A.B. asks: 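This is the structure I want to talk about, given as structure tokens.
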Amino acid sequence: MSKEFKRYLVTAALPYANGPKHIGHLAGAYIPSDVYVRYLRSIGKDVVFVCGSDEHGTAIPNQALKENTTSRAIIDKYDALIKECFHRLGMSFDMYHRTSEPIHHQTSQEIFLNLFNKGLLTEEISEQYYDDKANVFLADRYIIGTCPKCANPNAYGDQCERCGSTLSPRELINPKSTLTGNVPILKSTKHWYLPLQNYEGWLTEWILKSHKDDWKVNVYGQCKSWIDAGLQPRAMTRDLDWGIKVPLPDSEGKVLYVWFDAPIGYISATRALFKELEENKIEFATPQREFKNPKSDDWKPYWQDADTKLIHFVGKDNIVFHCIIFPIILKATGEYILPENVPANEFMNLEGDKMSTSRGWSIEMHEYLADFPDKPDVLRYALLTNLPETKDSEFTWKDFQAKNNNELVAIFGNFVNRAFVLTQKYFDNKIPARGSLSEIDQKVISDLKELPGKIGASIQAYRFREATAQVMDLARLGNKYLAETEPWKLAKTDLERVGTILNISLQIAANLSIVVEPFLPFTAQKLRNMLNFQQLDWSKSGSADLMEAGNSLGVASLLFEKIEDEVIEKQVKKLLDSKKAMELASQPVTPAKTEITFDDFSKMDIRVGTILTAERVEKSKKLLKLQVDTGIDKRTVMSGIAEHFSPDQVIGKQVTILVNLAPRKIMGVESQGMILMAEDKDGKLRLLQPNESVSPGSTIS
RNA sequence: GGCGCGGUAGCUCAGGUGGUUAGAGCGUUGGAUUCAUAACCCAAAGGUCGGGGGUUCAACUCCCCCCCGCGCUACCA
């Protein structure tokens with residue numbers, strides 16, 4: 001059933017270089033991909049592992065504005081930060097590239113032209129907001145206005161950060177350009193679209209039929225949801241001055257859509273790797289193995305030969321791009337292979353809440369490394385044992401401490417330490433010879449033989465949590481063996497027997513150094529140094545004859561150290577503090593609107609009315625249908641308050657109502673007026689009522 | 001509201017195509033032990049597998065309804 005592949009190309013989601021990345025990103029894509037690749041290398045597979053910074057898109061210039069600098073400065077800053085963190089956490093990319101590099105612009109333009117020349121892109125002209133003072137089309141992010149959903153006057157054109165709704169610029173009330181403060185005008189612009197709907201049949205065949213059983217259910221389910229809903233043409237270009245130029249005449253000011261170019265970054269990174277290797281000019285490449293006689297064109301088989309297994313590791317937010325859009329692009333070119341699997345993880349929550357850099361509720365990679373500079377493997381382990389493989393999972397500092405103290409220290413570190421201390425004590429730090437084997441010895445040796453295969457099978461099935469537990473089981477096996485054979489007791493009577501036991505124990509430790517390498521590479525290195533043991537392939541593991549008797553062990557030190565309660569309490573406090581700081585910073589009181597005249601105000605007819613009836617609206621989560629006695633009449637008003645009030649809570653209540661608002665049909669019912677609400681910072685709505693009851697129809701002025 | 005993914009021991013999580021006493025790690029309790037970073041090793045307690053129906057000789061596992069969480073999506077002040 002499973003095909004034998006000649007080579008592997010593994011990608012880890014390109015981190016977006018608009019800010020630091022947190023441990024949720026690590027758990028989603030980076031840690032699993034690194035374990036997978038390290039294992040593949042260890043079993044001798046031909047694998048290339050690429051990643052890099054994603055540096056285009058509107059959010060980059062936006063972040064530049066926030067930090068009062070240039071887009072270039074932003075990407076240089078965060079690319080360097082992210083790359084450094086990945087390195088310190090042991091991510092073993094063969095290439096960590098950047099989408100701002102010329103070779104990537106070239107690759108992306110080639111692929112765009114490939115599709116264009118085949119007539120696979122459609123041109124469409126639409127009306128977009130244009131700032132005629134700055135002479136630019138405004139990206140969604142550069143338009144600000146009143147949110148039609150929550151009345152936040154500072155909503156962006158793509159999203160309202162107050163209520164979280166996804167918006168399009170045309171929905172904004174009173175739109176303004178953030179560049180000049182001008183009111184933007186609508187101007188027609190041409191864009192190139194990829195008609196995704198043309199590939200529905202093919203996607204159904206490729207994903208829904210042929211990958212029904214080998215893709216993870218969470219991934220498969222999301223793809224099915226998208227395909228079943230019906231796909232739409234999607235613009236592959238944008239009006240923006242930051243990004244990859246559209247390689248067509250008359251396309252001034254147009255760039256490729258960031259989600260068009262970003263996944264192509266994997267291809268560019270592979271090209272760049274072999275180019276640098278051939279030219280022997282290493283700039284971005286960090287080859288993790290020997291590439292024999294590398295040629296520039298060697299990237300091709302990795303992307304174009306059907307014998308290559310292409311795997312994309314991503315978080316769940318990236319599923320649609322890696323399973324639907326990018327494969328369509330690859331397929332449409334007719335030149336590229338498709339991913340064999342996209343083992344996306346779900347999200348990792350933090351201390352009971354969703355991780356979010358902007359809300360200050362996260363553990364950023366660089367912050368972890370600053371506080372725990374010598375503990376990259378502890379983080380790797382804590383994340384590995386709790387990866388969100390099938391559902392969202394949760395990271396807590398208490399759990400982090402427990403994993404370190406009760407597992408890494410108490411089981412893994414302790415076993416190794418016991419074997420070393422006993423060898424020093426009884427055999428002058430030399431590996432003792434092995435005598436005849438008892439039944440218990442044979443049992444432990446046969447158990448040892450089983451484990452590497454089990455671990456490997458789990459890794460190949462993308463079950464990294466299970467694989468991690470199996471590695472720990474090997475250390476458990478060692479501890480149990482020592483407990484059962486009790487060499488410290490035998491030392492008085494039968495030193496030869498003690499030698500046999502310790503020989504086997506040290507062989508287990510040597511095996512640990514091999515099988516733990518994909519998971520905890522720094523620990524593996526440290527353990528090898530202690531054992532005076534060279535790095536061996538996975539194929540050697542499972543054997544009890546890895547180390548020769550008579551050889552000296554190196555200097556023993558503790559592999560892990562306990563983490564005290566104070567350290568953990570400090571981290572939890574830090575987290576709460578940063579959340580509080582972010583809340584204060586990001587929740588300014590809504591600024592005053594522009595000045596109006598009394599005449600402007602008096603146009604509005606605002607009155608006090610009484611809610612007579614209220615009922616939920618079928619098929620709507622937010623709407624209540626109200627009958628309001630306005631004093632003038634009794635009218636129907638649709639109000640989006642159902643998430644804040646039940647019908648019972650509002651019936652009979654006096655409310656403030658704008659009565660001369662033009663009627664509008666909402667969910668098929670004509671709404672005659674608008675109930676006014678006070679919205680708190682947290683988004684909660686409150687009724688506006690006179691402090692004492694007044695008669696319906698009382699005017700407000 | 002629609003669609004997708006979840007709701008399994010105190011905690012974090014496993015449980016192809018339904019089948020003997022539902023699992024792991026941690027935590028708890030008890031025992032054993034002292035080589036080891038009071039660690040290791042053994043054992044036990046602990047779950048009506050979100051709720052309710054149904055199919056079946058048999059359901060955590062299949063079907064229907066409901067409740068809850070998360071994501072996408074629609075309506076909205």
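Bear in mind the structure is a predicted one, so any value in this text is a computation, not a measurement. Order of the sequence lines fixes the chain letters, A, B, ..., with proteins taken first and strands second; residue numbering starts at 1 for each chain.
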A.B. asks: Pairing check on B:G46: which nucleotide meets the Watson-Crick or G-U wobble criteria with it, both distances under 3.5 Å?
C.D. replies: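 Per the H-bond distance test, none.
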A.B. asks: Could you state the CD-P distance from A:Glu466 to B:G15, rounded to the nearest angstrom?
C.D. replies: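 Whole-Å distance recorded here is 8 Å.
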A.B. asks: Rounded to the Å, how far apart are A:Asn218 CG and B:C72 P?
C.D. replies: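 One finds 15 Å between P of B:C72 and CG of A:Asn218, rounded.
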A.B. asks: Nearest to the A:Val217 side chain among B:U33, B:A39, B:G6, which nucleotide is it?
C.D. replies: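 Among B:U33, B:A39, B:G6, the one nearest the side chain of A:Val217 is B:G6.
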A.B. asks: Counting only Watson-Crick pairs (N1-N3 plus N6-O4 or O6-N4) and G-U wobbles (N1-O2, O6-N3), all under 3.5 Å, who is the partner of B:C11?
C.D. replies: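 The base-pairing partner of B:C11, which may sit in any strand shown, is B:G25.
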A.B. asks: If you find the nucleotide of RNA chain B closest to A:Leu422 and the one closest to A:Lys316, which residue's nucleotide is nearer the 5' end?
C.D. replies: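 The residue mapped nearer the 5' terminus is A:Leu422.
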A.B. asks: If you compare every side-chain N and O of A:Lys398 against the phosphate oxygens of B:U12 (OP1, OP2), does one of them come in below 4.0 Å?
C.D. replies: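 A:Lys398 to B:U12 OP1/OP2: no side-chain N or O under 4.0 Å.
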A.B. asks: B:G69 phosphate, OP1 or OP2: any side-chain N/O from A:Lys354 under 4.0 angstrom?
C.D. replies: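 Answer is no, no contact under 4.0 Å.
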A.B. asks: Between A:Leu558 and A:Lys480, which has a closest nucleotide on RNA chain B that is more 5'?
C.D. replies: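 Of the two residues, A:Leu558 wins.
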A.B. asks: Which word best sums up how the rings of A:Phe326 and A:His322 line up, parallel for under 30°, tilted for 30 to 60°, or perpendicular for over 60°?
C.D. replies: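 The arrangement is perpendicular - the two ring planes meet at more than 60°.
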A.B. asks: Could you tell me which nucleotide pairs with B:G69 by Watson-Crick or G-U wobble geometry, both distances under 3.5 Å, or answer none if nothing does?
C.D. replies: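 Partner of B:G69: B:C5.
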A.B. asks: Nearest to the side chain of A:Ala402 - B:C26, B:C13, B:A36?
C.D. replies: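 Nearest to the side-chain atoms of A:Ala402, counting from C-beta on, is B:C26.
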A.B. asks: Need one value for A:Glu407: base, sugar-phosphate or nothing, where a base atom within 4.0 Å counts as base even if backbone is also close, heavy atoms only.
C.D. replies: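 The residue A:Glu407 makes sugar-phosphate contact but no base contact.
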A.B. asks: Rounded to the Å, how far apart are A:Ile440 CD1 and B:C41 C1'?
C.D. replies: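 Atom CD1 in A:Ile440 sits about 11 Å away from atom C1' in B:C41.
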A.B. asks: Please state how far atom OH in A:Tyr481 lies from atom P in B:C35, giving the value in whole angstrom units.
C.D. replies: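 One finds 18 Å between P of B:C35 and OH of A:Tyr481, rounded.
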A.B. asks: Nearest to the side chain of A:Asn479, heavy atoms from C-beta on, is which of B:A39, B:C40, B:C13?
C.D. replies: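 Within the option list, the nearest is B:C40.
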A.B. asks: Less than 6.0 angstrom separating the ring centers of A:Phe519 and A:Tyr381, yes or no?
C.D. replies: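 They do not qualify: ring centres at least 6.0 Å apart.
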A.B. asks: Given A:Glu346, which partner from the list A:Asp392, A:Asp317, A:Leu387 fulfils the side chain to side chain contact (heavy atoms under 4.5 Å, CB included) test?
C.D. replies: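 Option passing the side chain to side chain contact (heavy atoms under 4.5 Å, CB included) with A:Glu346: A:Asp392.
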A.B. asks: Counting only side-chain N and O atoms of A:Asn406, is one of them less than 4.0 Å from OP1 or OP2 of B:G27?
C.D. replies: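 Yes.
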A.B. asks: Counting heavy atoms from C-beta on, name the nucleotide in B:U34, B:U37, B:C41 closest to the side chain of A:Trp488.
C.D. replies: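 Selected nucleotide: B:U34.
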A.B. asks: Rounded to the nearest Å, what distance is computed from the CG atom of residue A:Asp392 to the P atom of nucleotide B:C13?
C.D. replies: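 Result: 9 Å.
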A.B. asks: Would you mind reading off the distance between A:Lys212 atom NZ and B:G4 atom C1', rounded to a whole angstrom?
C.D. replies: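 Taking atom C1' of B:G4 as the reference, NZ of A:Lys212 is at 13 Å.
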A.B. asks: Taking OP1 and OP2 of B:C26, is either one under 4.0 Å from a side-chain nitrogen or oxygen of A:Arg476?
C.D. replies: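 Yes, because at least one side-chain N or O of A:Arg476 sits under 4.0 Å from OP1 or OP2 of B:C26.
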A.B. asks: When you get a sec, tell me which of B:C40, B:C5, B:C13 is the closest nucleotide to the side chain of A:Ile411?
C.D. replies: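 Out of B:C40, B:C5, B:C13, the nucleotide with an atom closest to A:Ile411's side chain is B:C40.
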A.B. asks: Taking only side-chain N and O atoms of A:Lys391, does any of them lie within less than 4.0 angstrom of OP1 or OP2 on B:G7?
C.D. replies: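 It does, given that an N or O in the side chain of A:Lys391 lies less than 4.0 Å from OP1 or OP2 of B:G7.
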A.B. asks: Check the orientation of A:Phe400 and A:Trp397. Use parallel for under 30°, tilted for 30 to 60°, and perpendicular for over 60°.
C.D. replies: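 If you compare the ring of A:Phe400 with that of A:Trp397, the planes turn out perpendicular.
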